[in-house]
Amino acid sequence: MSLTSFVMENRLPWAEGSSAAPAGAGRFDQAVIIVGGQRSPCSIRSVSSLGATLTGQIRTQQGEQLAIELGTGQRPAASVEWVRRDEAGVRFKQPIDVLALINRALISQPAERRSMPRVELRCGVRLKWGATICDAILRNISARGMQLEADGLPPKGTYLSIQIDGLNVPAGEVMWQKDGLVGIQLMEELRWTSLMPWIRKVSAGGTA
């Protein structure tokens, strides 16, 4: 499964609060940088409708104008916002279709093991553990877990229930807690057939 982070909000993927997959985390979606007719492969670490963080043998410089060929066939024009070692941040001239990239990530997997990649999407959730009920903000979600933000979150090892409007979420366990954030591992995998329609509806601004 791809470890590319798909950002559903209208913001750049390296903006404050972004939780892109870390360096060395695994396989990322592939893309091609096109500059002056020259093509060079790269990988997408995180992507939103407005831009992408690229990694690999990045031979470009800040301010350069180029195009990014995505796996969906989209080829947005972009400008380079920053370059650091083997990474670069590019801003698209026109917004791209991130849902199409997620669909491609799903289709590229064997049908019997198809699982949602990680998607960054902000919405309110409600947590319950013991006698405690707590409102939190979803930061990202995948088939196997999610990251939440709130004050007074429980410590590692806590089992809790998670309520999200429009989505049936199994119970989960806190795997880590730090600085008002927790990582939750779900007891059962969320199926892409239920998660994908929910993401589509919430990202379009509808109430799930």
Side-chain angles (χ1 to χ4, degrees), residues 1-109 114-123 138-143 147 192 195-206 208:
M1 184 181 70
S2 168
L3 291 176
T4 298
S5 289
F6 299 92
V7 184
M8 298 309 301
E9 298 170 290
N10 290 323
R11 61 186 174 88
L12 290 164
W14 59 84
E16 184 178 357
S18 176
S19 51
R27 184 177 68 84
F28 299 102
D29 278 4
Q30 300 303 299
V32 175
I33 297 173
I34 305 172
V35 182
Q38 299 295 313
R39 300 166 60 89
S40 57
C42 66
S43 298
I44 303 173
R45 188 179 302 286
S46 57
V47 61
S48 75
S49 62
L50 302 184
T53 303
L54 308 177
T55 184
Q57 297 294 321
I58 305 297
R59 298 183 179 88
T60 187
Q61 57 188 352
Q62 185 176 357
E64 190 162 31
Q65 305 299 302
L66 46 75
I68 307 294
E69 186 173 272
L70 305 173
T72 55
Q74 300 178 75
R75 191 181 290 187
S79 59
V80 180
E81 293 282 297
W82 54 266
V83 178
R84 285 196 301 266
R85 296 184 179 178
D86 61 348
E87 285 194 335
V90 299
R91 183 191 295 266
F92 301 135
K93 302 293 186 181
Q94 298 291 332
I96 67 163
D97 185 353
V98 179
L99 284 169
L101 290 174
I102 298 174
N103 282 328
R104 179 182 178 276
L106 286 168
I107 291 169
S108 67
Q109 301 172 44
R114 199 160 285 168
S115 183
M116 278 293 298
R118 187 172 70 170
V119 176
E120 290 193 38
L121 183 66
R122 304 294 193 267
C123 74
L138 176 74
R139 287 172 58 95
N140 63 57
I141 188 168
S142 70
Q147 186 183 113
W192 69 269
L195 192 49
M196 189 66 185
W198 178 81
I199 288 172
R200 185 180 292 112
K201 192 167 186 176
V202 174
S203 64

- Query: Would Asp29 and Phe6 count as a side chain to side chain contact (heavy atoms under 4.5 Å, CB included) if you check the C-alpha gap in whole Å, the side-chain angles of each, and the deciding distance to 0.1 Å?
  - Reply: CA-CA 10 Å; Asp29 278 4; Phe6 299 92; 3.5 Å; yes
- Item | Side chain to side chain, Leu54 and Ile33, heavy atoms closer than 4.5 Å | yes
- Item | Test item: Ser48 side-chain N/O and Arg11 main-chain N/O as donor-acceptor pair under 3.5 Å | yes
- Measure from the side-chain N and O atoms of Arg104 to the backbone N and O of Gly71, and report whether any donor-acceptor pair falls under 3.5 Å. yes
- Message: Quick one: does any side-chain atom of Glu120 pair with a main-chain N or O of Ser5 as donor and acceptor, under 3.5 Å?
- Response: no
- Can you tell if the side chain of Val90 reaches within under 4.5 Å of the side chain of Thr60, non-hydrogen atoms only? no
- Query: Is there side-chain contact between Ile199 and Met116, with heavy atoms separated by less than 4.5 Å?
  - Reply: yes
- Message: Between Val47 and Ile96, is there a side-chain heavy-atom distance shorter than 4.5 Å?
- Response: yes
- Task: Any chance you could measure Arg118, atom CZ, to Arg139, atom CZ, to the nearest 0.5 Å?
- Result: 9.5 Å
- Task: For the residue pair Arg85 and Ile58, establish whether any side-chain heavy-atom pair is separated by less than 4.5 Å.
- Result: no
- Side chain Thr4, main chain Ile44, donor-acceptor under 3.5 Å: yes
- Message: Please check this pair: side chain of Gln62 against backbone of Val83, looking for a donor-acceptor N/O pair closer than 3.5 Å.
- Response: no
- Query: Should Gln57 and Ser40 count as side-chain neighbours, where that means a heavy-atom distance under 4.5 Å?
  - Reply: no
- Task: Indicate whether the side chain of Asp97 and that of Thr72 have a donor and an acceptor atom separated by less than 3.5 Å.
- Result: no
- Query: Is the closest basic N to carboxylate O distance between Arg122 and Glu9 below 4.0 Å?
  - Reply: yes
- Is there a side chain to side chain contact (heavy atoms under 4.5 Å, CB included) between Leu121 and Val202 once you walk through the steps? CA-CA 8 Å; Leu121 183 66; Val202 174; 3.8 Å; yes
- Where Phe92 and Ala52 come nearest, the two heavy atoms and their spacing: CZ-CB, 3.9 Å
- Message: Any heavy-atom pair between the side chains of Val119 and Ile102 that's under 4.5 Å?
- Response: yes
- Item | Gln65 side chain to Ser79 side chain, donor-acceptor N/O pair below 3.5 angstrom | no
- Message: Looking at Arg114 and Leu106, would you say the former's side chain and the latter's main chain have a donor-acceptor pair under 3.5 Å?
- Response: yes
- Task: Would you give the length of the straight line joining atom CD of Glu87 to atom CH2 of Trp82, rounded to the nearest 0.5 angstrom?
- Result: 5.0 Å
- Got a second to check how far Leu12's CG is from Arg91's CZ, nearest 0.5 Å? 4.5 Å
- Under 4.5 Å between any side-chain heavy atoms of Gln147 and Ile141, yes or no? no
- Message: Run the side chain to side chain contact (heavy atoms under 4.5 Å, CB included) test on Ile34 and Glu69 for me, step by step, so that the C-alpha distance in whole Å, both residues' side-chain angles and the decisive distance to 0.1 Å come before the verdict.
- Response: CA-CA 7 Å; Ile34 305 172; Glu69 186 173 272; 4.2 Å; yes
- Message: Show the nearest heavy-atom pair for residues Pro117 and Ala105, with the distance to one decimal.
- Response: CG-CB, 4.2 Å
- Message: Run Met8 and Leu99 through side chain to side chain contact (heavy atoms under 4.5 Å, CB included) and show every step you take.
- Response: CA-CA 8 Å; Met8 298 309 301; Leu99 284 169; 3.8 Å; yes
- Query: With a cut-off of under 6.0 Å to the ring centre and 45° to the axis, is Arg200 in cation-pi contact with Trp198?
  - Reply: no
- Among side-chain atoms of Thr53 and Ser46, is any donor-acceptor pair under 3.5 angstrom? yes
- CZ-SG distance between Arg59 and Cys42, expressed to the nearest 0.5 angstrom: 11.5 Å
